[in-house]
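Worksheet for the structure shown next.
What's counted below: heavy atoms across the whole structure, side chains too, no hydrogens, waters or symmetry copies. Residue indices begin at 1 and follow the sequence shown.
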Amino acid sequence: MAERPAGEGPRPTGPDGRLPARAVIDAVADGFTELPGADGAGGAYGDGPIVWEGYGRALARAHERTGEHESVVCGTGTVGGVPAVLIVFEFAFLGGSLGQRTGDRIEAAHRHARRERLPVVSLTATGGSRMQEGMRALVQLQRVARQSALTRAAGLPQIAVVRDPTTGGGWATLGAGSDVVLALPGAQVAFAGSRVRPPDADPAAYGAEEKLAAGQVDRVVAPKELPGVLGRWLSLLSSPDGSPGTAGGPAEPPRALGGAGAPGLPETGWEAVERARSARRPRADAYLDAHFEVREEISGDRCGGTDPGVRCGFGRRDGRTIAYAAQCGTPTLPAGFRTATRLIRLADRLGIPVLTLVDTPGAANDEAAERSGAGAAIADLFAAVAEARVPVTTLVVGEGGSGGALALASPENTWVTPDCYFSVIAPESAAAILKRGPEHVRETAGELRLRPQDLVDLGVARGIVRP
């Protein structure tokens, strides 16, 4: 293995202005050690499996231009102090395209990651499959997908950094198939490459920023911030020795922040509702900021949707990583339920305990929510919580509105604050169903037994947290 010394400066940009793979590695990792090429680096190039005329000469020119033997460089290095396997594309080598030998190298990288229990970081810049190898190139996507699935099953995190461009099968496997997807500003990120899109297509739909808005990318990161962000993600998703996290015991519920009313517990059901709905009551962001020393968020449901009223991510508390999914006081959209499901299943696979914060008047119930599959999204979240092998802890910090709130709640480890309520239905809706007038809403709230102390008495909550 050839080792590059840490601290060596980045190589100059290529003729197209893009950073070469080695410069990208220098920018994010220390002590990079390249894995031996699974293809036996070097040697004469032939015209490939379908004998494409001139292909061997094109490969030789790409090698002469870049110094690389293939479109991907794979090895190990430390990012933010965390050892990782890096898969880095060289776009100047035939557009970063995937061929048989690219697949050889990516498979070897994943095998090494599983053998050494290391996370995988893919820094992609690719135009897709290499047409000069025909179907032998395209089936590499199945091979790459299988290796990613095996690494996922081994409980190892995978993080993708999508550079410009990341299109075709590279986006549909190493990019979109990763646990966390970071993108560089302005990068083309799409399944369809620039030369095969409809002529009247909106270019914005194929960019990193639009992918973020559509819930397919977790964050757009400026190049100068990338080493720090990538390092924090690896630190949060891996234990100090680089292996995946372990659940240990359940997460502790945060302390109550208070501020919605008089000290103590509400005397009536309607007082509990008013305190939970108070503008002075702290929301999820305040709880997350107070509870975690550092945190990073995922964004979106990977199905085209985001919900600004749901926060999901991973944070560090007393040296321990905790996954969190938090409602922020608004009706939860189907995309919010799906994002929370994505978070819980990722945490479960990595062995990281989960904290959920409940605060919603209920699931969004408008036409758009129904057309977006509200019922299926809620059902899948119920299933994710029920199936989780890691402990799930819940704190109700505000409104607990019916099934849209219950879907995020732990069946066995739910806690409540003094400024919350949890109810089978909102008091106004209950009165309407019972054909009671508005003057009976307060009375109905009391009959629902939705106060914090009622929830403890009913066995729904384990206890009331205090400031």
Side-chain angles (χ1 to χ4, degrees), residues 256 258-284 307 309-310 326-334 336-337 340 356-379 381-382 385 394-411 414-465:
L265 298 173
E267 294 184 3
T268 68
W270 186 246
E271 182 187 349
V273 172
E274 288 186 313
R275 287 171 67 160
R277 294 175 178 174
S278 170
R280 293 180 291 128
R281 176 183 56 77
R283 263 48 181 186
D307 184 350
V310 173
Q327 294 166 317
C328 299
T330 57
T332 303
L333 306 177
F337 292 117
T356 65
L357 302 181
V358 167
D359 183 11
T360 180
N365 58 4
D366 57 10
E367 300 94 332
E370 287 301 322
R371 291 187 175 119
S372 296
I378 295 169
L381 179 54
F382 270 119
V385 172
T394 297
L395 179 63
V396 186
V397 300
E399 293 193 80
S402 194
L406 188 67
L408 208 59
S410 169
T414 289
W415 301 76
V416 291
T417 67
D419 295 330
C420 82
Y421 78 85
F422 212 153
S423 178
V424 62
I425 193 171
E428 296 88 347
S429 298
I433 291 172
L434 296 171
K435 299 182 180 180
R436 296 177 178 179
E439 69 276 10
H440 294 288
V441 169
R442 292 170 179 254
E443 172 191 345
T444 303
E447 293 174 340
L448 288 169
R449 294 196 65 192
L450 47 69
R451 300 174 303 168
Q453 58 268 44
D454 295 327
L455 300 171
V456 175
D457 290 343
L458 290 168
V460 173
R462 290 185 59 183
I464 302 169
V465 299

Please report, to 0.1 Å, the donor-acceptor pairs under 3.5 Å made by any side chain of residues 449-465, with sequence neighbours excluded.
{"residue": "Arg451", "atom": "NE", "partner": "Asp454", "partner atom": "OD2", "Å": "2.9"}
{"residue": "Arg451", "atom": "NH1", "partner": "Glu267", "partner atom": "O", "Å": "2.9"}
{"residue": "Arg451", "atom": "NH2", "partner": "Asp454", "partner atom": "OD1", "Å": "2.9"}
{"residue": "Gln453", "atom": "NE2", "partner": "Pro266", "partner atom": "O", "Å": "2.9"}
{"residue": "Asp454", "atom": "OD2", "partner": "Arg451", "partner atom": "N", "Å": "3.2"}
{"residue": "Arg462", "atom": "NH1", "partner": "Asn413", "partner atom": "OD1", "Å": "2.8"}

Exercise. Just by distance, do the side chain of Gln327 and the backbone of Leu408 share a donor-acceptor pair under 3.5 Å?
Worked result: no

Exercise. Is it true that a side-chain atom of Thr414 and a backbone atom of Ser410 form a donor plus acceptor pair closer than 3.5 Å?
Worked result: yes

Problem set entry | Those residues that, when tested against Leu406, pass side-chain contact (heavy atoms from CB on, under 4.5 Å) (two or more places apart) | Phe382, Ala409, Phe422

Problem set entry | Closest non-hydrogen atom pair, Ala364 against Leu333 | CB-CD2, 3.7 Å

Problem set entry | Euclidean distance, Glu271 CD relative to Asp419 CG, rounded to 0.5 Å | 9.5 Å

For this session: Please step through side chain to side chain contact (heavy atoms under 4.5 Å, CB included) for the pair Asp359 and Arg281, ending with a clear verdict.
Result: CA-CA 11 Å; Asp359 183 11; Arg281 176 183 56 77; 3.1 Å; yes

For this session: List in chain and number order the residues that pass side chain to side chain donor-acceptor pair (under 3.5 Å) with Arg436, two or more places apart in sequence or in another chain; answer none if no residue qualifies.
Result: Thr444, Glu447

Exercise. Between Val416 and Cys420, what is the shortest heavy-atom contact and its length?
Worked result: CB-SG, 3.5 Å

Exercise. What residues, two or more places apart in sequence or in another chain, satisfy salt bridge (charged side-chain N to carboxylate O under 4.0 Å, His left out) together with Asp307?
Worked result: none

For this session: Considering non-hydrogen atoms only, spot the tightest contact between Thr360 and Pro331 and give its length.
Result: OG1-CA, 3.7 Å

Exercise. Under the side chain to side chain donor-acceptor pair (under 3.5 Å) test, which residues partner Thr394, sequence neighbours left out?
Worked result: Thr356

Problem set entry | Residue pairs fulfilling side chain to side chain donor-acceptor pair (under 3.5 Å) with at least one residue in residues 362-376, sequence neighbours excluded | none

Exercise. What residues, two or more places apart in sequence or in another chain, satisfy side-chain contact (heavy atoms from CB on, under 4.5 Å) together with Thr330?
Worked result: none

Seminar exercise, completed: For Val385, the side-chain contact (heavy atoms from CB on, under 4.5 Å) test, sequence neighbours excluded, returns Ile344, Leu381, Pro411

Seminar exercise, completed: residues 398-407 vs side chain to side chain donor-acceptor pair (under 3.5 Å), sequence neighbours excluded, gives Arg277-Glu399, Glu399-Tyr421

Exercise. What heavy-atom pair brings Ala405 and Val358 nearest, and what distance separates the two atoms?
Worked result: CB-CG1, 3.5 Å

Exercise. Nearest heavy-atom pair of Ala445 and Trp270: which atoms, and what distance?
Worked result: CB-N, 3.8 Å

